[in-house]
Amino acid sequence: MRLLAMADTHVPKRARDLPAVLWRAVEAADVVVHAGDWVEAALLDELAARSARLIAVYGNNDGAELRARLPEVARAELDGVRLAVVHETGAAAGRENRCARAFPDTDVLIFGHSHIPWDSTTGTGLRLLNPGSPTDRRRQPEHTYLTAEIRAGALCDVTLRAVPRSTKRNRG
């Protein structure tokens, strides 16, 4: 099962649209995860239409319309992998312990908010992943998203991908 994760797209404030390379990845994925901060519902509608399966949450920059349509926390079991998605996990200091307590029956937690890629594993075995942002890198060197595979009940081949500079987002 091919998994694609993104967060903090901020369309149309930070970009008019997602980068073309990301749309191609969406169409190739079996499951697309969006960890919040959409800004407007039009991207949710398009992503839902173009994804085989979409798992998504709202973020702190998402208004009433998105909050009415999306949960704060989403959960799914994907080929035996217990996945949770949330926008915010708090400060980096203490994140592993906080998340391990908050998500005890979860194998993988995908989150956003910071725009900073993150990949760590807690003492309880919970994998924490932040794909960064494909449209608003802030202080990061690249715009990023994440791909992975789920095989035989395990998350494999987790890869942080940089959006190629020649295909960056379109500024609004």
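Because the structure is predicted, anything quoted here is derived from the model rather than measured. The residues of the chain are indexed from 1 along the displayed sequence.
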Could you state the interatomic distance from CG (Leu83) to OG1 (Thr106), rounded to the nearest 0.5 Å? 8.0 Å
Evaluate Trp38 against Leu47 for side-chain contact (heavy atoms from CB on, under 4.5 Å), listing each step before the verdict. CA-CA 11 Å; Trp38 305 75; Leu47 200 55; 3.6 Å; yes
Once ring pair (Phe, Tyr, Trp, His ring centres under 6.0 Å) is applied, what residue pairs with a partner in residues 54-82 remain, sequence neighbours excluded? none
Among all residues two or more places apart in sequence or in another chain, which pass the side chain to side chain donor-acceptor pair (under 3.5 Å) test with Arg2? Asp30
Suppose we screen for side chain to side chain donor-acceptor pair (under 3.5 Å). Which residues come up paired with Asn97, at least two apart in sequence or across chains? none
Under the side-chain contact (heavy atoms from CB on, under 4.5 Å) rule, collect the residues that match up with Ala154, sequence neighbours excluded. Cys156
Who pairs with Thr144 by side chain to side chain donor-acceptor pair (under 3.5 Å), at least two apart in sequence or on another chain? none
Does any N or O in the side chain of Asp8 come within less than 3.5 Å of the main-chain N or O of Ser133, such that one atom is a donor and the other an acceptor? no
Hey, mind stepping through Arg151 and Asp157 against salt bridge (charged side-chain N to carboxylate O under 4.0 Å, His left out) and telling me if it holds? CA-CA 10 Å; Arg151 290 192 297 271; Asp157 303 328; 3.0 Å; yes
Can you measure from NE2 (His34) to CD1 (Ile55) and round to the nearest 0.5 angstrom? 13.5 Å
Under the rule for side chain to side chain donor-acceptor pair (under 3.5 Å), what residues qualify as partners of Ser120, not counting sequence neighbours? Glu96, Trp118
What verdict does the salt bridge (charged side-chain N to carboxylate O under 4.0 Å, His left out) test give for Lys13 and Glu40, after you've listed the backbone C-alpha separation in whole Å, the side-chain angles of each residue and the deciding distance to 0.1 Å? CA-CA 9 Å; Lys13 290 189 177 184; Glu40 290 188 5; over 6 Å; no
Are Leu109 and Leu128 close enough, and set up right, to give a side-chain contact (heavy atoms from CB on, under 4.5 Å), and what steps lead you there? CA-CA 5 Å; Leu109 175 63; Leu128 302 174; 3.7 Å; yes
Ring pair (Phe, Tyr, Trp, His ring centres under 6.0 Å) pairs, two or more places apart, involving residues 78-107: His87-His113
Please step through side-chain contact (heavy atoms from CB on, under 4.5 Å) for the pair Thr122 and Arg95, ending with a clear verdict. CA-CA 9 Å; Thr122 71; Arg95 179 175 285 143; over 6 Å; no
Which atom of Arg165 lies closest to which atom of Pro141, heavy atoms considered: NH2-O, 3.6 Å
Quick one: list whatever passes side-chain contact (heavy atoms from CB on, under 4.5 Å) with Arg127, sequence neighbours left out. Val108, Asp119, Thr121, Leu129, Leu155, Val158
Hits for salt bridge (charged side-chain N to carboxylate O under 4.0 Å, His left out) against Glu46, two or more places apart or cross-chain, chain-then-number order -> Arg50
Has Glu72 got more than 12 heavy atoms of other residues, nucleotides or ligands less than 6.0 Å from its CD? no
What distance do Asp37 atom CG and Asn60 atom CG have between them, rounded to the nearest 0.5 Å? 4.5 Å
Could you tell me which residues satisfy salt bridge (charged side-chain N to carboxylate O under 4.0 Å, His left out) with Glu65, sequence neighbours excluded, listed by chain and number? Arg69
For Ala56 against Ala74, the heavy-atom pair lying closest together: O-CB, 3.9 Å
Given 3.5 Å as the limit, does a donor-acceptor pair link the side chain of Ser114 with the main chain of Ile116, or not? yes
Can you check whether Gly59's main-chain N or O pairs, donor with acceptor, with Arg67's side chain at less than 3.5 Å? yes
At what distance, to the nearest 0.5 angstrom, does CZ of Arg16 lie from OG1 of Thr135? 13.5 Å
When rounded to the nearest 0.5 angstrom, what distance separates CG in Leu146 from CG in Leu3? 7.5 Å
Calculate, to the nearest 0.5 Å, the distance between atoms CG and CZ belonging to Asp136 and Arg14 respectively. 4.5 Å
Are Leu4 and Val26 packed together at the side-chain level, in the sense that at least one heavy-atom pair is separated by less than 4.5 angstrom? yes
Using side-chain contact (heavy atoms from CB on, under 4.5 Å), reason through Ile150 and Val31 one step at a time and then give a plain yes or no. CA-CA 10 Å; Ile150 297 175; Val31 178; over 6 Å; no
Under a 4.5 Å cut-off applied to non-hydrogen side-chain atoms, are Val33 and Met6 in contact? no
Under the salt bridge (charged side-chain N to carboxylate O under 4.0 Å, His left out) rule, collect the residues that match up with Asp79, sequence neighbours excluded. none
Would the His115 and His10 ring centres measure less than 6.0 Å apart? yes
Partner residues of Asp107 under the salt bridge (charged side-chain N to carboxylate O under 4.0 Å, His left out) criterion, sequence neighbours left out: Arg82
